[in-house]
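Everything numeric in this text was worked out from a predicted model, so none of it was measured. Letters A, B, ... are given to chains in the order of the sequence lines, protein chains preceding strands, and every chain is numbered from 1.
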Amino acid sequence: MGVPGPGYFPRILSLIVILLAAIELISSYRDKEEEEEIKLFAKENARVWVSLGFIILYFIGLSYLGFIISTIIFMLVMLMYFRIRNIIVLVAVPIGLTTFLYFIFTILLKVQLPIGKLL
Amino acid sequence: MKISRKFIMTLMALVLMAALVVGCGNGKSTEEPEANEGNQTEVEDVETDDEPEADVEVGDGKVDYPAKQLTITVPPAAGGGTDLLYRAMAPKIQEYLGVPVVVVNKPGAGCAIGFSAGAKDPADGTSVTAAVAEMLSVPYAAEVDFTYESFDPIANVNSCYGALTVAADAPYDTLEEFIEYAKEHPGEIRIGNSGIGSNWHILAASFAAEAGIDVVHVPFDGAGPAGVALAGGHVEAVPVSPQEVDVHVKSGKAKILATFSPERLPELPDLPTGKELGYGNTILTIYRGFVAPLGTPEDIKQMLDEAFQYALDSPEITKFMEEQNFAKHYLSDDEFLELMEREDKIYGEQFDALGLSK
Amino acid sequence: MFSTVLGNVFSIPTLMAIFAGVVMGISFGAMPGLTSTMGIALLMPLTFAMKPEIGILLLIGIFVGAIYGGSITAILINTPGTPSAAATLLDGYPFTLKGEAGRALGIATVASAGGGIISGVILILIAPLLAEFALRFSAPEIFGLALFGISIIASISGDSLVKGLMSGTLGLILSLIGMDNITGYARFTFGSTFLSGGLAFIPVLVGLFALSQCFVSIEDIFEKRAEINKITRALPTKEDLKTIWPTILRAGVMGTFIGSIPGAGGDISAFVSYDMEKRVSKHPEKFGTGIPEGVAAPEASNNGTTGGALIPLLTLGIPGDSNTAVLLGAFMVHNLIPGPQLFVDHAPTVYTIFAGFMIANIVMLILGLSGQRLFVKVVSIPKQVLIPSIIVLCTVGSFAINNNFKDIMVMLVAGVIGYFLTKGGFPLSPIVLALILGPMAEGNFRRSLVMSQGSYAIFVQRPMAAAFIAVAAIALLYPIIKAIIVNVRRKEAS
């Protein structure tokens with residue numbers, strides 16, 4: 001019938017990707033200007049990866065401990081990691097934000113927030 | 001810096017109060033949401049008695065339901081017609097069972113996600129799944145880990161059927177004339193549907209097979225767009241339900257030739273059914289019912305069945321369904337199972353015939 | 001009837017509903033991870049007990065407010081609060097970096113209200129006509145439009161055209177994941193039921209923009225931010241207003257038009273208008289550095305879609321975008337069945353809603369301008385507090401859509417990818433465009449061919465489709481050819 005099948009578009013896209021990658025590669029060889037190094041795994045990025053680790057732990061916590069506990073712990077940990085020392089902030093922000101979100105979602109909107117398997 | 005958070009909280013409190021005032025201003029109490037944890041609609045309050053419904057006290061149920069709460073998993077997305085029906089029924093079911101009844105949407109993958117989750121729920125009365133017709137079609141369309149046999153049917157509450165709708169100015173006025181035209185112009189009639197492998201697609205294919213006509217099936221993203229395409233003259237026919245094309249019939253752009261239902265529809269008594277005209281094998285039921293995880297104990301299923309019937313018969317739900325054009329169609333568990341078995345065969349056949357089987 | 005409508009609309013409950021809706025809308029829209037569609041969907045059940053006009057106007061207030069609200073965070077922290085604000089950050093954030101956040105916010109407010117009002121006027125005057133026109137739009141025309149939208153990628157790629165195109169292509173590839181609409185064939189699903197439904201748009205958007213921006217900010221979280229506490233402008237200057245009113249007019253109309261096309265909403269129209277302004281501008285190279293038109297165009301356009309999307313909704317029962325799709329449910333519950341009959345059977349209600357819509361925009365204007373000083377305070381929240389909060393908001397928002405845990409994993413992966421891309425100098429906006437428009441383009445292309453039984457002639461025979469495709473081709477090829485020529489000339493010179 002002549003109607004392109006599901007493989008039509010992906011194939012075109014892969015061609016485009018190859019083409020574009022080739023162009024970029026060639027032009028990066030030709031313009032030998034200052035090579036800007038992209039730091040992804042250097043010391044400067046350590047914080048990002050550590051934060052990512054915390055986020056993953058937060059997600060795990062969400063599925064076992066539920067929203068309220070995990071969120072409070074996560075925020076507490078992040079704030080401390082980011083060197084916040086002010087006790088008031090450390091207590092008020094996690095509890096405040098969690099309560100606020102709980103209020104809006106569970107009570108006002110009646111949407112389920114993650115419930116932990118253990119609880 | 002916490003000013004903005006606190007300000008927003010105060011604002012939200014004000015807004016909530018405003019919403020309450022607005023609600024109260026119309027004589028309806030919106031305090032119920034706080035009391036009925038997990039109930040999401042006040043539909044029962046809409047235009048029924050003058051005095052507000054009594055708060056449902058948990059534990060007041062008409063039976064002694066063993067589970068602590070009931071979750072209804074609804075695969076279709078929130079806000080759609082199907083979802084509304086289940087949400088409307090939830091408070092009434094709660095009234096009967098005496099435990100909190102919560103509706104949870106689990107949309108995605110054409111209902112596959114919701115069904116897949118529902119089939120895995122514990123069989124102890126804590127959960128049921130909304131049974132909609134996609135339960136039959138999806139297993140043929142995709143790699144999923146369930147079929148309709150992964151559940152214990154409890155009851156059906158509502159059904160609707162398709163109809164053949166064509167352009168108002170088309171040269172055929174009856175089903176027979178349509179079929180004749182199609183036979184004279186093979187491959188030219190385009191029938192829109194709500195998506196490849198969707199219920200309407202299968203219905204159209206089943207009809208085409210029975211009538212022996214050669215048509216083209218054009219998929220759209222839902223019954224609504226298919227109807228619009230018909231109204232705009234981009235396709236010649238659609239097999240969707242009369243409700244879904246009602247707006248186009250009323251605006252004079254479309255006419256319904258016949259309905260694909262077991263009997264004439266009460267709201268369209270002048271329309272013949274396909275069955276009357278000799279095409280009785282083409283009936284697909286778009287049903288809405290309840291199923292429970294496989295192995296749920298008999299007494300629990302019995303109580304659930306009674307609860308669903310109670311809700312269905314209640315004046316509030318009756319009124320709701322009338323207004324929203326939902327036809328009541330109660331089927332007991334055996335009848336429901338029989339329906340699913342019967343129609344599952346049609347889906348299987350058509351999927352094969354269309355070459356869509358995975 | 002006029003007096004009935006006025007009476008309805010200026011009654012206390014109605015006005016309160018509108019006010020409440022706009023406030024909630026702005027709050028929702030401003031928070032990354034929570035979107036307008038979500039707000040409307042979640043608050044809809046609360047409206048069941050209300051009178052129809054009031055319930056619906058509450059939801060419309062949320063709609064209008066949220067589309068504007070997204071611009072607040074887009075401007076202040078380079079994170080769109082809703083998808084429709086994804087283009088606003090292109091010029092909005094540079095304003096903040098220059099210390100002129102207030103000016104950008106003011107422009108966004110005025111532009112949003114302007115666009116909304118224009119769309120309201122068009123809605124009231126031309127709705128039925130436009131609806132007839134919208135009926136003629138089918139797969140080939142929508143394909144042409146989507147193709148044109150994709151071609152805009154070339155224009156928003158910033159400095160590196162190649163990187164922009166690669167981002168766009170990545171977006172297109174991501175949009176392929178899931179069951180193909182035309183044949184039901186599962187692509188890139190690796191056997192997972194979850195993936196067979198495709199990637200949910202919001203978690204990807206939130207991850208790509210908001211989460212990745214958080215990662216980027218974490219890198220220099222302890223460094224002093226640019227001196228932003230001094231808000232040099234709280235309101236746009238008279239000159240700003242004079243500069244942007246033609247923009248608002250153009251973008252507002254364009255937004256209304258795009259909104260009236262089923263399936264196309266604020267997210268697309270913002271980019272289209274941004275691109276259009278750039279093309280008609282006398283100083284296109286200044287776009288991206290923080291100029292008024294760059295903020296006014298997307299904001300006027302995305303609010304223009306609010307009225308525009310109501311047109312097919314009310315006249316045909318077909319939602320113009322995702323927000324109106326939810327509104328459709330609200331209408332049905334209140335027994336207002338959209339279609340020509342609606343104007344006959346329920347005329348007072350419909351016109352009350354129209355009037356309420358206009359008022360919602362005015363309320364938004366007032367709230368936006370007066371809330372400015374408050375909004376700007378967001379910028380003074382220390383990054384150490386802001387970033388974890390945003391992460392939590394994003395997580396909650398992504399989960400709340402489908403109640404599906406896997407969505408937040410999608411968000412996380414998108415966030416990491418976005419981080420890599422940003423570090424590598426790849427623009428993120430093309431991905432958004434591609435994610436939305438890719439399926440629209442491909443699906444309708446193949447649907448057109450099914451409709452024409454395999455004949456490609458359908459694209460040429462239909463004038464509107466042919467026109468769109470031609471324009472798209474030119475829009476895409478022109479920058480590429482220009483870049484090649486420039487490159488060649490540069491080599492000859494050296």
Show, in sequence, the C-alpha distance, side-chain angles and deciding distance for T71(A) and V396(C), and conclude whether the side-chain contact (heavy atoms from CB on, under 4.5 Å) test is met. CA-CA 10 Å; T71(A) 308; V396(C) 171; 5.9 Å; no
Proximal component of I84(A), with respect to chain C [non-hydrogen, under 4.5 Å]: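 Contact with chain C involves the side chain of I84(A) alone.
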Interchain contact, L101(A) with chain C, by part (heavy-atom threshold 4.5 Å): side chain
By number, which residues in residues 73-83 of chain A have some heavy atom less than 4.5 Å away from chain C?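 Within residues 73-83 of chain A, near chain C: F74(A), M75(A), M78(A), L79(A), Y81(A), F82(A), R83(A).
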Under a 4.5 Å heavy-atom cut-off, does chain A meet the side chain of [X], its backbone, both or neither?
X       : value
L176(C) : side chain
M451(C) : neither
L170(C) : neither

Just how far is it from atom [atom1] of [X] to atom [atom2] of [Y], taken to the nearest 0.5 Å?
X       : Y       : atom1 : atom2 : result
F59(A)  : F399(C) : CZ    : CZ    : 11.5 Å
C394(C) : I55(A)  : SG    : CD1   : 9.0 Å
S51(A)  : I387(C) : OG    : CD1   : 8.0 Å
Y58(A)  : L412(C) : OH    : CG    : 12.0 Å
I18(A)  : T169(C) : CD1   : OG1   : 11.5 Å

Which is it for I16(A) and L172(C) under the side-chain contact (heavy atoms from CB on, under 4.5 Å) test, yes or no, and what are the steps along the way? CA-CA 11 Å; I16(A) 296 182; L172(C) 288 176; over 6 Å; no
Heavy-atom pairs under 4.5 Å with chain A: which of V216(C), I218(C), L211(C), L165(C) has the most?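 Of V216(C), I218(C), L211(C), L165(C), I218(C) has the most heavy-atom pairs under 4.5 Å with chain A.
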Flag the one option from I56(A), T98(A), L20(A) with the top tally of heavy-atom pairs under 4.5 Å to chain C.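 With the most close heavy-atom pairs to chain C, the winner is L20(A).
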Sequence neighbours excluded, which residues qualify as side chain to side chain contact (heavy atoms under 4.5 Å, CB included) partners of V416(C)? L52(A), F215(C), F420(C)
List the atom of R47(A), the atom of E219(C), and the distance in Å for their closest heavy-atom pair. NH2-O, 2.6 Å
I408(C) versus L62(A): any side-chain heavy-atom pair under 4.5 Å?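 Touching, per the 4.5 Å side-chain cut-off.
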